[in-house]
Amino acid sequence: MTAAETTGTEEAREGFGASPNRTALERFLRHPTAMASTAVLVLLGLVTILAPVIAPGDPMRVNPVARFTAPGAEYFFGTDNLGRDVFRIVVHGGRTSLLVGLVVTVVSVSIATVLGLVSGFFHQVDIVLMRFVDGIMAFPSIVLATAAAAYLGASVSTVILALSFVLIAPSLRVVRGQVLVVRELQMIEAARATGVPTLRIFRRYVLPAVTSPILVQASFIFSAAVLGEAALSFIGVGIGPTDLSWGNALTEARDYIGRAPWIVIFPGLALMITILALNLLGDSLRDILDPRLARRR
Amino acid sequence: MLRYLGKRFLLILPTIFVPLIMVFLLLRLSPGDPAGMMLGDQATADQIAALREQLGLDRPLHVQFLIWLKGIVTLDLGQSIFFREPVMEIIPRYAGVTILLTLVALTLAVLIGVAMGVISALNRNNPIDRGVVTTAVLGISVPEFWFALLLIFLFSVTLRWFPVSGYTPPSAGLIAWGTTIFLPALALGVRQSALMTRMMRSSMLDVLDEPYITTARAQGLPERTVLGRYAMRTASIPVVTVAGLSAGYMLGGVVAIEIIFSLPGLGRLLVEAVARRDYPVVEGGVLTIALVLAVLNLLIDVLYAILDPRIRYK
């Protein structure tokens, strides 16, 4: 190992040197970065779920008298050009941002897992799917999602559909790569020789072996999905203008940046903290679940 | 070298065609009548029927596909509904800005990434290294459109070093062009430069442990030669390989960046075309971005082969 590239690598090495048999969960609990990022994510989740309690009232309600109020005791994050409470916008907007991220992650990673298993075992399918993956991976997903909004209309479901679709590709590649390694293992050969049905081989031997990389991948996909939704909503082809998300909240903010920078700072900060926590969680999970990879990096 | 490039070219074809086929299918398979949606509420049934015929939407899907494919290959993408002129005459007016912006951003990202990565690796585990690593983690997580807004706030609104928005073409003076392109390129490149910093750092650390570096030092070569000629050349190869992916990522990022800085580029054209339901322009925009990406990737492959001669013979 060269040095700690990610903040968690050192701990991973120590954890491993001390007890190779320690379970992944124990290692996770002893990993400061993993625990800290999980705590941040849980907190964000709770805040958005409890939004009506934490920031009661309609986040879209305009209050012209209180336009451009600086952050203070009354408005923690200040107010925007229409006098809307930025704190309320951030707390309520997080619901859409996180929900879209979660749905996209579950949908795309599930489809990618099934396709990856098939692709890793059936060569003909693999050839076609991999060309498709090459095409999607290299091409900017935002542009594809923008084009999709042209045909399907800008809405939450379009965003989920478009992002889920383009984010299948990277996960598919990860799962397929792992399957290619696993299928050559002797236990698979043995299972086949004794006549275990293919589906059962998938379930009993292959799926458990690909779980770790899928978990790592899911964190990064989550982060990409949250960022993707924000970017699409920001440019006006994401969720509709009547819905609220962190990306949406920033759309009009540009025009008032000189007068009321807090309109820009707080929604963006919420977005960045979420992405940072997800990226750190992904990095830590990789350290915890695949120490060989962590060591090489 | 030619054979190598030929092979790379074949691999790049899916990158061009997969996105295009998806756009083709999206238009044909999405619910609703595209011709009606393009013309809006005021159109008569005759006008809609005429447009359907012009777009070939009244024919079977496989015939439409062949006509569409012919259009792509001959670079004939039809007429823009909004501009009322051929798509292929509109696109070049916008493509230049996007290509320049992406190239400047890519250059900035590579320069920043390589420099920070090397500085970090040479200061292994001391405060400078830790600072760079932490900054890189933050950099990877920053949404570039938000970063762009922060840059505008700091450098344009508060310090007044750069214009808030707008574009001056390079023909009107390089310095004026530079002031309009620098902040957008920096914002566009921030995440990629952070990724490259991490990559350069770990690859530099690996290379510094190689025996040939020890040998070079033992022979008394000046440290500048050891690092510059021997270590950095090898260490930068992984960075070059990801530059293609970075370019793809940036061509997506340009959409938001062009809107924020009011740059007349492809990204902005694409979003405006989406709002106007100007499908031929949407298709043309996707095709152009795919082509730019393919050419950039080929250039990167050439660079890769120059840096690492082994590649040519594989």
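Proteins get letters first, then strands, A, B, ... in listed order; numbering begins at 1 in each. Since this is a predicted model, take the numbers as computed values, not measurements.
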**Student:** Taking side chain as everything from C-beta outward and backbone as N, CA, C, O, which of these in V286(B) sits under 4.5 Å from a heavy atom of chain A? Side chain, backbone, both or neither.
**Tutor:** both
**Student:** Just one of N125(B), N126(B), D129(B), T197(B) clears the side chain to side chain donor-acceptor pair (under 3.5 Å) bar with S120(B), so which one?
**Tutor:**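 Among N125(B), N126(B), D129(B), T197(B), the one that satisfies the side chain to side chain donor-acceptor pair (under 3.5 Å) with S120(B) is D129(B).
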**Student:** So for F147(B), is it side chain, backbone, both, or neither that comes closer than 4.5 Å to the heavy atoms of chain A?
**Tutor:** neither
**Student:** Among V226(A), V166(A), L271(A), who wins on heavy-atom pairs under 4.5 Å with chain B?
**Tutor:**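 Sorted descending by pairs with chain B, the first entry is L271(A).
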**Student:** What pair of heavy atoms forms the shortest contact from G189(B) to M250(B), and how long is it?
**Tutor:** CA-CE, 3.8 Å
**Student:** Measure the CZ-OG1 distance between R130(B) and T135(B) for me, rounded to the nearest 0.5 Å.
**Tutor:** 13.5 Å
**Student:** Taking every non-hydrogen pair under 4.5 Å, which of G258(A), G236(A), A148(A), A230(A) racks up the most with chain B?
**Tutor:** A230(A)
**Student:** Taking side chain as everything from C-beta outward and backbone as N, CA, C, O, which of these in L232(A) sits under 4.5 Å from a heavy atom of chain B? Side chain, backbone, both or neither.
**Tutor:** neither
**Student:** CG of L208(B) to CD1 of I213(B): how many Å apart, nearest 0.5 Å?
**Tutor:**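 If I round to the nearest 0.5 Å, the distance is 6.5 Å.
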**Student:** Select, from L270(B), L245(B), I16(B), the one with the greatest count of heavy-atom pairs under 4.5 Å involving chain A.
**Tutor:**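 Winner by heavy-atom pair count: L270(B).
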**Student:** For the residue pair F68(A) and Y256(A), is the inter-centroid distance of their aromatic rings smaller than 6.0 Å?
**Tutor:**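 For F68(A) and Y256(A), the ring centres are under 6.0 Å apart.
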**Student:** Do the side chains of V91(A) and F87(A) get nearer than 4.5 Å, heavy atoms only?
**Tutor:** yes
**Student:** Report which part of V164(B) has an atom under 4.5 Å of a heavy atom belonging to chain A: side chain, backbone, both, or neither.
**Tutor:** both
**Student:** Taking L269(A), I136(A), D134(A) one by one, which has the highest count of heavy-atom pairs under 4.5 Å against chain B?
**Tutor:**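 Highest number of heavy-atom pairs under 4.5 Å: L269(A).
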**Student:** Could you tell me the separation between the CD1 atom of I257(A) and the CZ atom of R259(A), rounded to the nearest 0.5 Å?
**Tutor:**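 Between I257(A) CD1 and R259(A) CZ, I get 14.5 Å after rounding to 0.5 Å.
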**Student:** Please classify the contact of L138(B) with chain A as side chain, backbone, both or neither, using a heavy-atom distance under 4.5 Å.
**Tutor:** both
**Student:** Using non-hydrogen atoms and a 4.5 Å limit, figure out which bit of I275(A) sits close to chain B: side chain, backbone, both or neither.
**Tutor:** both
**Student:** Is it the backbone or the side chain of V237(A) that comes under 4.5 Å from a heavy atom of chain B, or both, or neither?
**Tutor:**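 Just the side chain, heavy atoms under 4.5 Å.
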**Student:** For S108(A) and S164(A), does a side-chain donor sit closer than 3.5 Å to a side-chain acceptor?
**Tutor:**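 No - no donor-acceptor pair under 3.5 Å links their side chains.
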**Student:** Can you tell me which of P143(B), A136(B), S165(B) forms the most heavy-atom pairs within a distance under 4.5 Å of chain A?
**Tutor:** P143(B)
**Student:** Which atoms of I260(B) come close to chain A, meaning under 4.5 Å heavy atom to heavy atom: side chain ones, backbone ones, both, or neither?
**Tutor:** both
**Student:** Which bit of V18(B) comes within less than 4.5 Å of chain A, counting heavy atoms only: side chain, backbone, both or neither?
**Tutor:** side chain
**Student:** Nearest heavy-atom pair of V100(A) and V156(A): which atoms, and what distance?
**Tutor:**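 Closest heavy-atom pair between V100(A) and V156(A): CG2-CG1, 4.1 Å.
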**Student:** Could you have a look at Y249(B), F17(B), F153(B) and say which one has the most heavy-atom pairs with chain A under 4.5 angstrom?
**Tutor:** F153(B)
**Student:** At a 4.5 Å cut-off on heavy atoms, which part of L278(A) comes close to chain B: side chain, backbone, both, or neither?
**Tutor:** neither
**Student:** Assert yes or no for the condition that the ring centre distance of W262(A) to F77(A) is strictly below 6.0 Å.
**Tutor:** no
**Student:** Please name the pair of heavy atoms, one in N297(B) and one in G244(B), separated by the smallest distance, quoted to 0.1 Å.
**Tutor:** OD1-CA, 3.2 Å
**Student:** Among V133(A), I265(A), I142(A), I273(A), which residue has the highest count of heavy-atom pairs closer than 4.5 Å to chain B?
**Tutor:**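 Winner by heavy-atom pair count: I265(A).
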**Student:** Using non-hydrogen atoms only, which part of F132(A) is less than 4.5 Å away from chain B: side chain, backbone, both, or neither?
**Tutor:**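 Both parts, backbone and side chain.
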